[in-house]
Amino acid sequence: MTPHADVFQDYRNQFIAALAAAADVPREDIAREVKTADPAHGDLQFPAFSLAKKLRKAPPAIAADLAAKVQVPGLDVIPAGPYVNARFAVMPFSARVVDAVRAAGTAWGHNAEGQGRTVVIDYSSPNIAKPIAFHHIRSTVIGHALANLYRAGGWRVEGINYLGDWGKQFGLVAVGYGDFGDPARRGEMAHLVEVYVKANKKAEADPAYDEKARAFFKRMEEGDGEALKLWREFRETSVEQFGKVYARLGIRFEHMEGESFYQDRMDAVIEEIRRTVGVRESDGALIVDMPYAENEPPVLLKKNDGSTLYATRDLAAAMDRHARFHFDRALYVVATDQALHFRQFFTVLKRMGKPFAENMVHVNFGRVHGMSTRAGQVVLLTDVLDEARARALEKVRENAKAGRIHTDNPEELAEQVGLGAVVFGDLKNKRTSDYEFDWEQVLSFEGHTGAYLQYTHARACSILRKGGGAPASADAALLVLPEEQAVLRALAALPGAVRQGIEDNEPSHVARVLLEVAAAFSRYFTAGNQDATKRVLLDGNDPLRHARLMLTDAVRLTLRSGLAVLGVPAPEYM
RNA sequence: GCUCCCGUAGCUCAGUUGGAUAGAGCAUUGGACUACGAAUCCAAGGGUCGGGCGUUCGAAUCGCUCCGGGAGCGCCA
């Protein structure tokens with residue numbers, strides 16, 4: 001990784017430096033204003049309005065003046081009204097992009113800025129014994145992509161699956177098991193979920209039943225052997241099931257933990273809070289004694305029966321994680337619903353005098369709406385993945401029959417395509433926006449979907465196979481077609497998307513760039529249908545053929561690299 | 001009721017943190033396979049950026065307000 005692999009950023013920095021020197025103002029004043037331009041105008045634009053007051057001149061005059069002074073090799077600078085526009089000259093731009101991509105290979109887009117820093121990412125973290133519905137895909141897939149993203153940024157990543165394996169919901173399952181349980185289906189996750197749903201419903205209607213569940217959990221906290229034995233068994237069943245889904249998604253956590261991990265530290269944590277912030281009793285419960293906004297609920301550490309709550313366990317876990325990993329950043333990939341909890345939880349840590357609380361972030365995401373179910377039940381994640389695989393398989397068979405593809409393992413390919421559709425479907429939008437669940441949309445392989453990226457990647461691979469692979473060297477100066485220049489610009493955007501993705505904890509930045517790459521390359525290779533001179537695989541030993549193969553290889557590498565970050569498989573045939 | 005988030009094409013969403021004529025996909029209509037594989041591409045129609053007021057050279061983006069939707073608001077996680 002050379003420090004200047006981000007070609008786009010290099011040009012931008014040079015443009016800024018030249019403008020600052022020409023206008024005799026601090027670089028920061030210019031840097032704020034320089035944007036990527038509409039392709040019709042160029043690659044970079046600087047609106048001169050902000051200098052008008054300082055220089056006491058009209059913006060168009062400033063732009064004209066600056067344009068005359070700014071000289072950067074490889075950058076064509078043109079004044080246009082109040083704007084100073086700049087366009088990358090075909091050379092050296094083309095050569096720099098192609099060289100950078102091929103030097104980095106499948107690590108294209110990566111950087112080393114996080115070197116020596118550690119991020120802890122709490123993601124997926126399902127609640128054991130609660131329904132594992134489709135919406136769990138969000139924390140899992142976003143967290144996984146973030147883990148990959150930070151690794152691509154040079155960070156040390158400690159991914160933690162922090163199971164919700166402690167709390168009243170276990171009491172509900174245990175008590176409910178007596179009434180609704182089927183011993184023959186004892187080891188089935190789906191059965192546990194059924195029991196939970198029924199017990200939860202009953203508890204909502206009957207306070208006495210809820211009380212029984214609470215009492216069971218209290219027994220767990222007191223170390224009751226029989227209660228813990230049942231808990232251990234249910235936990236085991238759930239973890240086993242989760243493992244299958246994670247394997248399918250290609251996810252491996254550095255740490256598999258759970259709230260139960262901290263049960264024996266509750267007293268010490270509460271004692272520390274008592275010493276630093278203060279605690280007090282309220283309606284029989286133990287709460288953190290600090291100012292609360294009107295209408296804001298207090299942070300509860302213990303219920304009136306003495307058992308603990310998740311806030312208490314989260315506090316213990318946070319301190320433990322900092323002690324273990326000395327993190328520079330800690331992410332909690334959890335739905336927006338829990339915003340209040342995290343705000344309070346971080347506030348308590350700050351009041352306890354923990355500076356690391358400043359580096360903790362609630363990476364929130366929106367809800368999944370409209371989960372209209374087929375049989376009136378929750379939509380399970382595995383159901384969606386199965387359905388996606390089934391639909392992809394139809395398409396694979398169809399294409400194989402038509403002679404378009406040859407694969408010796410249609411099932412595996414279908415699984416990859418189905419997975420790509422579901423995973424990418426979740427990651428392509430900003431994580432904070434709500435998610436509209438729609439079978440047709442989630443399972444779609446047409447348009448700008450996961451399959452689109454995979455297809456484009458497979459096509460690039462196909463062209464390379466037919467063309468005898470990527471050449472050792474070629475002349476990038478020959479890549480003068482507008483279609484080729486558009487592809488190059490898309491490729492050059494990946495490093496910026498990775499950096500921005502880390503800054504915003506937002507995988508969709510990478511997803512968007514990949515769509516741009518695929519769209520630009522798709523336009524390019526279908527242009528060859530109409531106009532044979534635009535094809536990659538020209539006859540003979542044409543230098544242009546070499547240059548285009550090299551470009552195709554760069555596309556292939558960019559898609560592979562980006563898809564890997566998103567956790568989407570990239571098959572070579574499709 | 002209070003707090004926070006959201007409202008952009010018929011539908012699902014982008015919109016470079018205040019910059020030039022608001023963009024994609026789906027759906028609709030028309031077109032491109034004897035072709036580097038059509039899970040693709042091209043074209044067309046479709047917009048008072050929820051309404052109003054304001055801030056300034058400039059607003060989908062910032063502020064105020066109204067309308068509409070969502071979430072959270074003590075012993076669940």
Engineer: Taking side chain to side chain donor-acceptor pair (under 3.5 Å) as the test, write out the residues that go with A/R12, two or more places apart.
Structural biologist: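 A/R12 satisfies side chain to side chain donor-acceptor pair (under 3.5 Å) with no other residue.
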Engineer: Contact class for A/E33 vs. all strands (heavy atom < 4.0 Å): base, sugar-phosphate, or nothing?
Structural biologist: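 A/E33: base contact, heavy atoms under 4.0 Å.
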Engineer: Flag this pair as yes if the NZ/CZ of A/R465 is under 6.0 angstrom from the six-membered ring centre of A/Y573 and inside a 45 degree cone about the axis; otherwise no.
Structural biologist: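 Yes, A/R465 lies over the aromatic ring of A/Y573.
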Engineer: Is it true that the side chains of A/E506 and A/S508 contain a donor and an acceptor less than 3.5 Å apart?
Structural biologist: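 On atom types as modelled, these side chains qualify, holding a pair under 3.5 Å.
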Engineer: Which residues pass the side chain to side chain donor-acceptor pair (under 3.5 Å) test with A/D337, not counting sequence neighbours?
Structural biologist: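 Side chain to side chain donor-acceptor pair (under 3.5 Å) list for A/D337, sorted by chain: A/R367.
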Engineer: Which nucleotide in the list B/A77, B/A20, B/C13 gets nearest to the side chain of A/N85?
Structural biologist: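 My answer, after comparing the listed nucleotides, is B/A20.
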Engineer: Could you give the distance separating B/A60 and B/A20 at their C1' atoms, to the nearest angstrom?
Structural biologist: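 It comes out at 15 Å once rounded to the nearest Å.
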Engineer: Taking the chi torsion of B/U16, is it syn (within 90° of 0) or anti (everything else)?
Structural biologist: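 Chi for B/U16 falls in the anti range.
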Engineer: Could you tell me whether A/K428 contacts a base, only the sugar-phosphate backbone, or nothing, with contacts defined as non-hydrogen atoms closer than 4.0 Å?
Structural biologist: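 The answer is nothing, as A/K428 stays clear of every strand by at least 4.0 Å.
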Engineer: Whole Å only: how far is the OH atom of A/Y123 from the P atom of B/A77?
Structural biologist: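 In whole Å, B/A77 P lies 24 Å from A/Y123 OH.
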Engineer: In whole angstrom, give me the gap between the P atoms of B/G19 and B/G15.
Structural biologist: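 13 Å, rounded to whole Å.
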Engineer: Just checking A/S282: base, sugar-phosphate only, or nothing, at a heavy-atom cut-off of under 4.0 Å?
Structural biologist: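 Base contact.
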Engineer: Pairs counted only when both distances fall under 3.5 Å, Watson-Crick or G-U: show me the 5' to 3' dot-bracket for RNA chain B, [ ] for pseudoknotted crossings and | for other-strand partners.
Structural biologist: (((((((..((((.....[...)))).(((((.......))))).....(((((..]....))))))))))))....
Engineer: Describe the nucleic acid contact of A/K395 in one word from base, sugar-phosphate, nothing, applying a heavy-atom distance below 4.0 Å.
Structural biologist: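 Base, at least one base heavy atom under 4.0 Å.
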Engineer: Considering only the C1' atoms, how many Å lie between B/C49 and B/A59, rounded to the nearest integer?
Structural biologist: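 Each nucleotide's C1' atom is 11 Å from the other's.
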Engineer: If you check the A/Q530 side chain, which of B/A77, B/C13, B/A32 turns out closest?
Structural biologist: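 In terms of side-chain proximity for A/Q530, the closest of B/A77, B/C13, B/A32 is B/A32.
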Engineer: Write down the distance between CD (A/Q500) and P (B/U16), rounded to a whole number of angstrom.
Structural biologist: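 Whole-Å distance recorded here is 11 Å.
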Engineer: Using a heavy-atom cut-off of under 4.0 Å over every strand shown, decide if A/H41 touches base, sugar-phosphate, or nothing.
Structural biologist: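 Base, at least one base heavy atom under 4.0 Å.
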Engineer: So what does A/V442 hit on the nucleic acid, given a heavy-atom distance under 4.0 Å: a base, only sugar-phosphate, or nothing?
Structural biologist: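 It contacts nothing in the nucleic acid.
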Engineer: Which residue, A/N364, A/D434, A/T432, forms the side chain to side chain donor-acceptor pair (under 3.5 Å) with A/T336?
Structural biologist: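 Answer after filtering A/N364, A/D434, A/T432: A/N364.
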Engineer: Taking the side chain of A/A451 as its heavy atoms from C-beta onward, which of B/A39, B/C36, B/A77 lies nearest to it?
Structural biologist: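 The closest nucleotide is B/A39.
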Engineer: Expressed as a whole number of Å, how far does the C1' atom of B/G25 sit from that of B/U40?
Structural biologist: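 B/G25 and B/U40 have their C1' atoms separated by 14 Å.
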Engineer: Roughly how far apart, to the nearest Å, are B/A43 and B/C5 at atom C1'?
Structural biologist: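 So the two C1' atoms sit 39 Å from each other.
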Engineer: For A/Q169 and A/Y196: C-alpha separation, side-chain torsions, deciding distance, then whether side chain to side chain donor-acceptor pair (under 3.5 Å) applies.
Structural biologist: CA-CA 8 Å; A/Q169 77 267 28; A/Y196 171 81; over 6 Å; no
Engineer: Can you list, in residue-number order, the parts of residues 513-529 of chain A that come under 4.0 Å of RNA chain B, counting heavy atoms only?
Structural biologist: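 Only A/S522, A/R523, A/Y524, A/F525, A/T526, A/G528, A/N529 qualify.
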Engineer: Going by number, which of residues 43-61 of chain A have a non-hydrogen atom under 4.0 Å from RNA chain B?
Structural biologist: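 Within this stretch, A/Q45, A/P47, A/F49 sit under 4.0 Å of the strand.
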Engineer: Looking at every strand, decide which applies to A/A285 at a 4.0 Å heavy-atom threshold: base, sugar-phosphate, or nothing.
Structural biologist: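 Base: the residue A/A285, judged by heavy atoms under 4.0 Å, touches a nucleobase.
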Engineer: Parallel, tilted or perpendicular: which fits the ring planes of A/F346 and A/F342, with parallel below 30° and perpendicular above 60°?
Structural biologist: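 Plane angle between 30° and 60°, so tilted.
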Engineer: Would you mind classifying the nucleic acid contact of A/N399 as base, sugar-phosphate or nothing, using non-hydrogen atoms under 4.0 angstrom?
Structural biologist: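 Since a base atom lies under 4.0 Å of A/N399, the category is base.
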Engineer: Once salt bridge (Lys or Arg N to Asp or Glu O under 4.0 Å) is applied, what residue pairs with a partner in residues 515-532 of chain A remain, sequence neighbours excluded?
Structural biologist: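 Passing the test, one end in residues 515-532 of chain A: no pairs.
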Engineer: Taking the C1' atom in each of B/A38 and B/A32, what is the distance between them to the nearest angstrom?
Structural biologist: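 Nearest-Å result for B/A38 against B/A32 at atom C1': 9 Å.
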Engineer: The side chain of A/D504 lies closest to which of these nucleotides: B/A39, B/U17, B/C41?
Structural biologist: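 Of the options given, the side chain of A/D504 lies nearest B/U17.
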Engineer: Taking B/G30 as the reference, what is the distance to B/G45 when you measure between their C1' atoms (whole Å, please)?
Structural biologist: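 That atom pair is separated by 11 Å.
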Engineer: Measuring only the P atom in each nucleotide, how far is B/U28 from B/C67? A whole number of Å is fine.
Structural biologist: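 39 Å, rounded to whole Å.
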Engineer: Using a heavy-atom cut-off of under 4.0 Å over every strand shown, decide if A/L309 touches base, sugar-phosphate, or nothing.
Structural biologist: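 Since only primed, P, OP1 and OP2 atoms lie under 4.0 Å of A/L309, the category is sugar-phosphate.
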Engineer: Closest to the A/R367 side chain: B/G70, B/G15, B/C73?
Structural biologist: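 Taking heavy atoms from C-beta onward, the closest nucleotide is B/G70.
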Engineer: Taking the side chain of A/R404 as its heavy atoms from C-beta onward, which of B/A39, B/G15, B/A24 lies nearest to it?
Structural biologist: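 Side chain of A/R404 sits closest to B/A39.
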